[in-house]
Every structure is written in C-alpha cells, then in structure tokens.
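These notes concern the structure reproduced below.
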Amino acid sequence: MKILNVAEKNDAAKHISGFLSGGNSQRREGLSPYNKIYEFNYNFRGRNAKMTMTSVSGHLLNHEFVGQYRKWLGCSPDALFDAPVMKECSEDYLKIKSTIEREVRSSDVLIIWTDCDREGENIGFEIITVCQRIKPNIEILRAKFSEITSQSVRRAMATLGPPNKLISDAVDVRSELDLRIGAAFTRFQTLRLKRVFPEVLANHLISYGSCQFPTLGFVVERYKAVQDFIPEPFWKIKVVHKIKDVSVEFVWKRVKLFDQPFCEILHEKCLENPKAVVENVLTKPKSKWRPLPLDTVELEKVGSRKLKINAKETMRIAERLYNQGLISYPRTETNIFPSGMGLPQLVEAHTADNNWGQFAAKLLEDGVNPRQGKKSDQAHPPIHPTKYIDKLQGNERKVYEYIVRHFLACLSKDAEGLETTVEIDINNEKFIAHGLQILALNYLEVYPYEKWNAKEIHEYKRGQTFNPTSIDLVNGETSAPRLLTEADLISLMEKHGIGTDATHAEHIDKIKTREYVGLLENIYFVPGELGIGLVEGYDSMGFEMSKPRLRAELERDLQGICDGIKDPKVVLQEQIEKYREVFRKAVEQANKLDEMLSKYLNTQPAIVENNTNIAMGALPEHVIKCSSCGCGMVLRARHNNTSFISCLGYPPCRQSIWFPEKVIEVCLAPDTCVECGTDVRLLKFKFRGGTMAPFYPDVYTGCIGGCDPQLNAMLEIRQNVGSAPNVTVTPAVNNVANYNGSNTRNVTQNRNDEFRNQRRTQPTVPRPTGPPPNLPDGDGDDVQCNCGQAARRFTVQKDTPNKGRHFFSCSKPQGDAARCTFFLWADFTDNASTSNRNEPRNPRPGFTNTNYNNHSGPSFKARKRGNFTKTNSVSRKCGNCRQEGHTRNNCPNR
DNA sequence: GCAAGGTC
C-alpha cells in the first residue's frame, strides 16, 4: 500500500514526516527544488504502508479569466461579471503539480495535510482535483491538526476523515468574486480615467480591490476627520502639592468642563476654602503584564512603531530569518504556545548572549511561564527564535533581537509594583493623584520596547489635611485626532476583517504603490489626490466602495457557506448581481468620479461618453463546451478564410477543432441542438460541391456536438492533442453553460423547445447511427476504393467512441505508395433500418482522437460511384435505401 | 496592466 501525503508547504511536510517516522524519513528531490519528497514506512490500518510526503506552496490553482477576457481590451469590463473563469496552475507551480501527478499514479490513498483553516481546505481540494484527474478513484482523507507536534500529528493520523467541501466552496466564492469585481472596476477606472485625465493619469494603473479600497478608506476617513476638526475650548482645575523637590499633581474628578463661567465659579469656590482633606488612601499591588506570545500582526505593529521598519519590510526580513532557520514561521495568528514545544531548550540556546544571556539563564532557573493568549490558527505556533545567532547586522538584527526579547519576555514574569491612589476634597470638589513604586521589573529587564515609570508621591493619611501649593484654573482646547500610523492602520484592518495577518502589509504597500496614499513625516498616512478623489467620487454616488461593510457582509455569507446554511452558488450569484448593479450605476454616474478627481487633481476633465465600450468588439458566441476544460469554444476564422473552433481557455487549454478544406463556409445557426442540449449550437455549413456523403446537401445545418457521428467523421473532427491543459473548471459555483445569465437561458430554452417540436414533426437529415454490425474485417463487398479496386473492411480498434465500428479503406497495405486515401464508414452503406436515431451511438464523443483517414485526396465527386453522388437532386438514389425517386429525407423505407 | 489568498 502506498499513501501520498501532501502538506501546504515544504516546512510542514518535513516536520510532519519527521514526527510520523520518528525521525527516520528519507528525503529525495521532487521536480520543484523547494518541495522535497519525504518517504518512510507507517503502520496504516494495521498494514505496512509506504508513506510519501510532499507539499505544495500555498494555492496550487488560481482563478483566471480565459481567452480574450484576459485582455484588457478583449471585452467590455462589465462582461467580467459573467466571463468564464477557470482555476489554473500558474507557470511557477507546474513543477509542483507534476511532482504530485507523478507520485499519485502509484498511490492508493491521498492524505491532505494542508493548514486547518479555510484557505488550507481549499488548497486541499486543489490537490485533490489534480490527483483525481490522474486517479479518479483514489481514497481521499483529511488530516486535522492544531499544531505540528508529534502528539498532534499522530492524533491527526488516528482521526482521519473526509475533507470539508463547504469550507473550500466558500473560498472559491471569495476568490472568484475578488477576481471579477477587482478586474471589472480596475479596468473600468483605469481605462476611463486615462482618457479623462490624459495628462495626469495616462500611465496610472488605478486598481480596485475589496481589501485595498477599504484600507484606503480608513486613511481618507481619518484624514478628513483631522481636516474637519474644530477645536473646542475647555477649562479645568489643577491642584499641585509640592514638598521639597517632589511635586504631586491632583487631577480634577470632573476632568474638564466646556462651560467657562461654571468652571470659574467652581474654581472660586475652591479658592474660598483651599484646605485639602485626604478622604482616601489606597495602596495596592499593580502589575504590568508581560507581552502575549508574538503573532504576525503584533510583529508588524511593533516593527512599524518601535523599530521604525514598515510592516512590509518587517515581514520581508522575518521571512528571510525564517528561511535561514533562525525563527519560526512568521505568518501566524496564534498567540498560545502549544504544549510540548520544548520552550526551556529554546531559551537555553540564548544563555550565552552578551545582552540577554543572563536574563535567559535566570529565566531557566525560575522556570518558563508563558503568558497564554486566546487566538490559534491551528497551524503555526507563535513567532519565536529557533536558533541562536549573534552575527546579524542592521535591520535583520533589529527584527531578530526583537523576536528573541519578546520570546523571553512572554515566558517571564509580569513587572510588579505598588500603586497608591490618594483622593482629596477641596470645598466639595474632588481630586485624585496616583503614585507608583516599582518592586520588580521582571520582563521589562529584557524588553526595552515598553516603559513603566515610577511616580513618586508623598505619604498621605486618611483624614489628613494640607494646603495645596497651587489651585489653578487651566484652559485648553480639544485637539484633532492623530493621523493614522501604519500600526493604527493594521489595527483597523484587523478590527474590520480586512485582509489576513499575512496580507495586511501587502494591502498597505499596494495603496502606496498606486499613489493613493503617502506618508507625512515618514510616519503618518495621508491620502494623495488620486486616493481621496476616488473615495469621494464613489461616496458621492452613494456607494460604500471604500467602507469595510461590504467585505463584512461577504464574510458573513462565507461563514454561512462553511456552516452549510448558504448555497455557494446562490451567494456567488447574489454578490455578482449586487456588484454588477453598483458597477452599472458607477458607469452611469462616472462623471461624478471625474468631477471629484478634477477637484483634487486640479485638472479639467476631458469629456468622454458614459459607457464601458472602450475599444472592444462583440463577444463571440459559444458553439460547444470544451470537452477538456468546460469553457466555451468559439468559431474563429484563419487568415486564409478557413475556419476553426477554439477554446476560450486558450492558451492553457489548447483544444481546437479544425475544419477540412471541403468546408467553404461555416457560421453559427440561430438554434442550439435539441439532442445535445443548449450548450451546443447548430452550425450552418457550406460544403465544397460533392465532397460530402450524399445525404448532406452542400448547404447544411448540423450539429458537431456528438449526436451526428457521421458528420463529425466527414469533417474529420478530432482533438488537437497537445500537452494536457493545466486547467480545472471552476467547480460548482460557475460554469460556462449558464454564463449568459438567467434571462438569456430562458429565451434559449423556449427557442429550443420550439425547435424540438419542429424536429418532431418535420423530417430532418437522418443519421445512420445504429450499433456496428458484427462483421469480420475483410473484403468490402461491392465497395470500391479510389483505385477502382474492392475496398477492404476494417474495424476501429482504438479505444475511442467509434471502437468496433467498421469502415472501408484501400486494400493496399499501409505505407504502400500506391495506396489511396479512400475512407468510408461501413454503416453508411448499411440499411438505415438498423439505426435508432433516439439513441445515438456516440452520445458525446467529445472530439476524440480517432485518426480518421485523410480526406485531402480526391473528392467524393472525383471518385464517383453510382450510389455516392450528390443527393440534392431527386434523380439521384436515396441515401437511405439507395432507390431512385426520392431522397433520404422522404425515404419511405426509413 | 486587474484581486486576494496562499508560500522558497
């Protein structure tokens, strides 16, 4: 028994196989240099199994538009709400995919070890998709683990279960929506605004994204709050009691008042009888808590706030440290150390350091005592050092040192102090003062990023009275809020669920790159003209494009999908419709965007029309669904006026159907095929005279969807077999068949019913389709080939839909130079009474790779035999019974 | 030339 295990990343594969094998796994190379293969033996369900463990690197497949929809001018941006999308493997990950495809061939079971979060479940299904294409019946199991420790992975092996499709579906919905909405608005904005403001925005990419826009929105909102702020004067009473050098300030319990005369009266009252009476003295222990184990968001915030390294750069450095094996995985939401982490050993490694070594040693003596948070992503432990090093420089050193100090601090003890609170009364006005005495710094000794200042206070006793040194009326005014720092922005994103811990820094970086925002004094975020113009432009239309609400609503729907309450198809469609409507109105009111941007860019807008047709032609209609990837296939013309059908999934999907030279013209007929369904459009052909079998008139409307194998054979329809496309049709939530939207579907359906009724009452071209006669290969009865000799009967041997079917061909051996290219299906000559039109023998051939004979030789007309001439004349013989006086359409022998 | 989400 062989079991293929696939983890989300190499690091996880390495550790999981290490734990499962007891450290006895063998490593070998995969096709991707970054994703190794680990092998070991394992007792699985009481049997000795050979375990193979490899990994992906995050998502293996990505949603992409297909064909011309990828091109910016290939379609109108609003078409992107319906355009076919597929999940495909990007170039960079082909080697990973190939490794998995290779390994699964010899495997009996597939175990998914991706991270146990939503994205992980989806990545799991991507792996499953790839594996099932190679091995459709492979048994699939999901390992669920909350951390990568020996105990946890063994428990996961003991509790294997099915993967959760609901969770994966939710991610697919999110991913498809992000693509459709992002691309539609980005193209619309960019293409329009470059024409409206050619001097300023000609070379700008003006992107929209469901995370980047709310992030921009936070910056604009705070900036406007600062701009719009109107200071308000206030007044308060301040009491100071100074003895020698120590000055104690008592704060008014009313804090401050905005009513000056009232405040003056209270102040006067205090001055009338200024004796302070101590009403209460309370001294109690106070601690300052050590930090929680470090997660990504905290690292980014501290990087920005304390180390003065922006979040993106902090993460880049952290990744580098991780890749050198110096720290644990830096993208984690976990702030709880799992049991069995071996924390003392990790601390031990730092005892030799000149700066924090002593602290580490003392920590070991006292015993580690990790503070426990409440968050776990069930995949990664908190960020911690995994190896000691003292040779780092610059920012790498700063980040590493912070991670080490944070690690030691969170395992240490809270700082301890004594806080004294003194409450006094001056003629019925209450005041309060605090003092702080620090007893033990504890974690603060190793954690210079936080301060805790002692505050001296005199000794007071309850009931004591004293005369304050001063009782002053102080005035001030309220001040505007601060502009946002990067740390503030990350906090807001986290609070509103914008992005993930792994992507906050990227969204912030993106709005900087797009010039939507800039930095003031290198710290504070301010919107640029473009950023504020866009936000206010959409605001003026009444859309909350830059507010977090839309994303939060989607998040609720996604949770509903995960919980099995909501249908992913419905959620996807509802969201698409919602944004399609917003898009439609945005296009309608695009001048508001122009006006707002004009104000901020200080440039007059050029007048452009309000539509989305920005240099793109009409979209081609689908002929048929691609048998390989499920996208639509469309009719295209070559330079030499010949036609072919190609998949919209090109280039990843290279399926195509080439028509032979006998087809002079081909175009779409108005109807779809009643037998093959609404996915298949009828085609109107014009054939070169005499090149087709007799019952096909020169102008013929037919179906290549599979219900008419004769037609397919005569048109030499075959699959262009290239490399297997690296595509997967988007499952469940989208397919090409319904891409025209519900209204169009109904119309098509109605039209189709009409056509079906017509076909019931009107004779149409019959198709000799019955089962192949059970004949031995041999002489061709009275059938002659183009050489004028008796043709030989053969049977299709290849494993195709035509397998077992008989055909006639030249009797000379293959390779003989004199051999002619004659080809004729035997059932063309059989009595059609054996056929059953309602049960086509090739229900959906899917353009198989049958190597039909080459028809480029002499035409049927040139190799005329009595019963194979054009049939569009009543003087010729019937294609069905070969009698004269009628055609196949009205053959009495059918 | 587009999103957001994973990760060497």
Side-chain angles (χ1 to χ4, degrees), chain A residues 7-14 30 32-36 55-65 69-75 77 79-81 83 85 87 89-90 92-93 95-96 114-115 117-127 168 170-191 193-194 201-215 296 315-316 318-325 329-332 377 379-380 493 497-507 509-511 513-514 551 554-555 558 575 579 614:
Chain A
E8 188 163 320
K9 50 193 154 283
N10 181 65
D11 189 51
K14 183 170 86 181
S32 149
Y34 309 111
N35 301 81
K36 311 293 181 190
S55 56
V56 288
S57 290
H59 280 287
L60 187 57
L61 309 174
N62 263 305
H63 274 114
E64 298 289 354
F65 291 115
Y69 296 97
R70 280 175 207 232
K71 297 175 191 160
W72 274 54
L73 300 179
C75 68
L80 298 176
F81 288 104
V85 292
K87 283 190 97 172
C89 183
S90 70
D92 299 350
Y93 288 175
K95 285 182 175 171
I96 297 176
T114 47
D115 295 353
D117 52 22
R118 263 192 212 168
E119 296 296 331
E121 208 65 26
N122 188 259
I123 293 167
F125 274 89
E126 290 167 358
I127 297 163
S168 174
V171 174
D172 277 328
V173 169
R174 196 268 309 144
S175 166
E176 191 178 327
L177 276 172
D178 283 340
L179 174 65
R180 289 187 188 282
I181 299 164
F185 277 96
T186 300
R187 289 187 195 177
F188 162 64
Q189 292 177 169
T190 306
L191 293 173
L193 294 174
K194 81 191 309 179
L201 300 178
N203 298 315
H204 270 68
L205 176 61
I206 305 171
S207 63
Y208 171 82
S210 53
C211 289
Q212 53 179 269
F213 243 57
T215 307
T296 304
M315 287 311 292
R316 204 178 57 78
E319 273 168 31
R320 221 160 43 212
L321 295 173
Y322 166 68
N323 289 328
Q324 294 172 67
Y329 188 65
R331 282 191 285 263
T332 173
D377 60 16
H380 313 282
M493 293 171 79
I498 302 300
T500 66
D501 59 308
T503 60
H504 291 148
E506 283 177 29
H507 298 312
D509 191 61
K510 185 156 278 175
I511 60 173
T513 311
R514 297 280 186 259
R551 187 73 182 179
L554 172 63
E555 183 56 35
L558 296 181
Q575 291 280 337
Y579 278 95
I614 307 159

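Given the structure is predicted, the values throughout are model-derived calculations rather than measurements.
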Practice task
Could you tell me whether the side-chain ring of A/Y208 sits stacked on the base of B/dA3, using a centroid cut-off under 5.5 Å and a plane angle under 30°?
Solution key: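 No, aromatic ring not over the base.
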Exercise for the section: Assign each of A/Y322 and A/E64 to its nearest nucleotide of DNA chain B by heavy atoms, then name whichever residue's nucleotide is nearer the 5' end. Expected result: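 Nearer the 5' end of the strand: A/E64.
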Handout entry: 5′-ward residue of the pair A/A502/A/L179 relative to DNA chain B
Key =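 Residue closer to the 5' terminus by nearest nucleotide: A/L179.
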Under 4.0 Å, counting only non-hydrogen atoms across every strand here, what does [X] touch: a base, just sugar-phosphate, or nothing?
{"X": "A/R118", "value": "nothing"}
{"X": "A/Y93", "value": "base"}
{"X": "A/S210", "value": "sugar-phosphate"}
{"X": "A/E8", "value": "sugar-phosphate"}
{"X": "A/G499", "value": "sugar-phosphate"}
{"X": "A/F185", "value": "nothing"}
{"X": "A/R551", "value": "sugar-phosphate"}

Practice task
Taking the six-membered ring of A/F125 (Phe, Tyr or Trp), confirm whether the NZ or CZ of A/K87 is under 6.0 Å from its centre and within 45° of its axis.
Solution key: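 No, A/K87 and A/F125 do not form such a contact.
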Exercise for the section: Please report the C-alpha distance between A/E126 and A/V56 in whole Å, then the side-chain angles of each, then the deciding distance to 0.1 Å, and finally whether the side-chain contact (heavy atoms from CB on, under 4.5 Å) criterion is met. Expected result: CA-CA 10 Å; A/E126 290 167 358; A/V56 288; over 6 Å; no
Selected nucleotide, minimal atom distance to [X] side chain, candidates [options]:
{"X": "A/R514", "options": "B/dA4, B/dT7, B/dC2", "answer": "B/dC2"}
{"X": "A/H59", "options": "B/dG6, B/dG1, B/dA4", "answer": "B/dG6"}
{"X": "A/S57", "options": "B/dA3, B/dT7, B/dG5", "answer": "B/dT7"}

Problem - Ionic contact status for A/R118 with A/E555, cut-off 4.0 Å - result: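 The answer is yes: the pair qualifies as a salt bridge.
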Phosphate OP1/OP2 of [N] contacted by [X] side-chain N/O (<4.0 Å):
{"X": "A/T500", "N": "B/dG6", "answer": "yes"}
{"X": "A/K510", "N": "B/dC2", "answer": "no"}
{"X": "A/T190", "N": "B/dC2", "answer": "no"}

Exercise for the section: Examine the side chains of A/D11 and A/Y322 and answer whether a donor and an acceptor come within less than 3.5 Å of each other. Expected result: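 Yes, because at least one side-chain N or O of A/D11 sits under 3.5 Å from a partner of the opposite role on A/Y322.
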Practice task
With rounding to the nearest 0.5 Å, note down the distance linking CG in A/L193 to CG in A/L201.
Solution key: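 Answer for the CG-CG pair, A/L193 versus A/L201, is 6.0 Å.
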Problem - Polar side-chain contact A/N62-B/dG5 base: donor and acceptor under 3.5 Å - result: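 Answer yes: a donor N or O sits under 3.5 Å from an acceptor.
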